[in-house]
2 protein chains.
Amino acid sequence: MRRDIFQAIADPTRRAIVALIALQAMTPNAIANNFHTTRQAISKHLRILTECELVKQDYKGREIYYSLEIQKMKEIDKWLEQYRKIWENRFNELDKILITIKRKKK
Amino acid sequence: MRRDIFQAIADPTRRAIVALIALQAMTPNAIANNFHTTRQAISKHLRILTECELVKQDYKGREIYYSLEIQKMKEIDKWLEQYRKIWENRFNELDKILITIKRKKK
DNA sequence: TATAAGTGCAACTATTCGGTTTCGAAATTT
DNA sequence: AAATTTCGAAACCGAATAGTTGCACTTATA
């Protein structure tokens, strides 16, 4: 069973769940109320998100509150870092060209 | 056919392809040489990457060079932005606590 | 204590996905 | 012109996935 964060966020429903619980913890029922699907389907998504540690559970009596493990999101940011360098370089090169054009106009 | 960038980078082989062609354009054969799979399988991945515009094609005779559309990567960065704000806030709050502890020590 | 509410888990189904094999088209080389 | 190279597309297969339904467990409430 392959469970990594990239696979977890590939599903649009899971991205919506992540956005929903980013700021406040929610129970599966409360989350499911925001979607046109069953609670069990949401439960499955929550399981996947929990398995890759993107989401954590807090037991309160018979309710389970799910909340985002924001630290895990940094992994995506870390992966993106290598590409950020590339697009920033391209931007700088474009910048140089624009400066050269400006100079020529003077 | 659902083709978005998040689904595109969900597959580890596709992430590897992206990393491979990030700095230099490559042909399908050249790319496939880096993996333990057939050229056709790589070709399928390239098709998915092309369909979601993460990769572009340049025809040179009978060869097709694939290269990364670095601009598209910014979409992930943009999506990540809302969460970056959250983890930076958490960090700042931690910072405040640390400063408070330091003051008490004095 | 009996009932209701909140939840996870297993079984099942339809669909999607990653991969291989086979084929044909287009460009290059001999 | 014939053979070779580079490549995409279609057909097919096994595995994974998202969803539904049904059920059992735990906790709260009447």
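Each chain gets a letter, A, B and so on, in the order the sequences are listed, and its residues count up from 1. Values below: every heavy atom of this structure, side chains too, minus hydrogens, waters and symmetry copies.
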Integer-rounded Å distance: dG18(C) P and L46(B) CG:
13 Å

Ion pair check, E63(A) and K60(A), cut-off under 4.0 Å:
no

Rounding to an integer number of Å, can you tell me how far R15(A) CZ sits from dA18(D) C1'?
15 Å

State whether E88(A) and K85(A) are salt-bridged, where the test is any N-O pair (Lys NZ or Arg NE/NH1/NH2 against Asp/Glu carboxylate O) under 4.0 Å.
no

Rounded to whole angstroms, how far apart are OH on Y59(A) and P on dG6(C)?
16 Å

What N/O pairs connect the protein and nucleotides 26-29 of chain C at under 3.5 Å? Give each pair on its own line.
unit_1  : atom_1 : unit_2 : atom_2 : d
dA27(C) : O3'    : R62(B) : N      : 3.4
dA27(C) : N3     : R62(B) : NH1    : 3.3

If you compare every side-chain N and O of H45(B) against the phosphate oxygens of dC17(C) (OP1, OP2), does one of them come in below 4.0 Å?
no

L46(B), Y65(B): one ILVMFWY side-chain cluster at the under-4.5 Å cut-off?
no

Using whole Å, what does the distance between atom P of nucleotide dG8(C) and atom CD of E51(A) come to?
12 Å

Can you check whether H45(A)'s main-chain N or O pairs, donor with acceptor, with R14(A)'s side chain at less than 3.5 Å?
no

Would you mind reading off the distance between Q7(B) atom CD and dT15(C) atom C1', rounded to a whole angstrom?
13 Å

Salt bridge or not between R47(A) and E51(A)? Use side-chain N to carboxylate O under 4.0 Å.
yes

Hey, mind stepping through E81(B) and R84(B) against salt bridge (charged side-chain N to carboxylate O under 4.0 Å, His left out) and telling me if it holds?
CA-CA 5 Å; E81(B) 190 58 36; R84(B) 190 175 294 119; 2.6 Å; yes

Any chain of hydrophobic side-chain contacts (each under 4.5 Å) joining I48(B) to I21(B)?
no

Just the rounded figure in Å: distance from P of dT6(D) to CD of Q57(B).
17 Å

Between D77(A) and M73(A) (side chain of the first, backbone of the second, donor and acceptor by atom type, cut-off under 3.5 Å), is there such a pair?
no

When you match K44(B) and T13(A) each to their closest nucleotide on DNA chain D, which lands nearer the 5' end?
K44(B)

Contact list for DNA chain D against residues 27-42 of chain A - heavy-atom distance below 4.0 Å:
T37(A), T38(A), Q40(A), A41(A)

Is there a side-chain contact between W79(B) and R15(A) (heavy atoms, below 4.5 Å)?
yes

Looking only at dA9(D), dG18(C), dG8(D), the nucleotide nearest the R47(B) side chain is dA9(D)

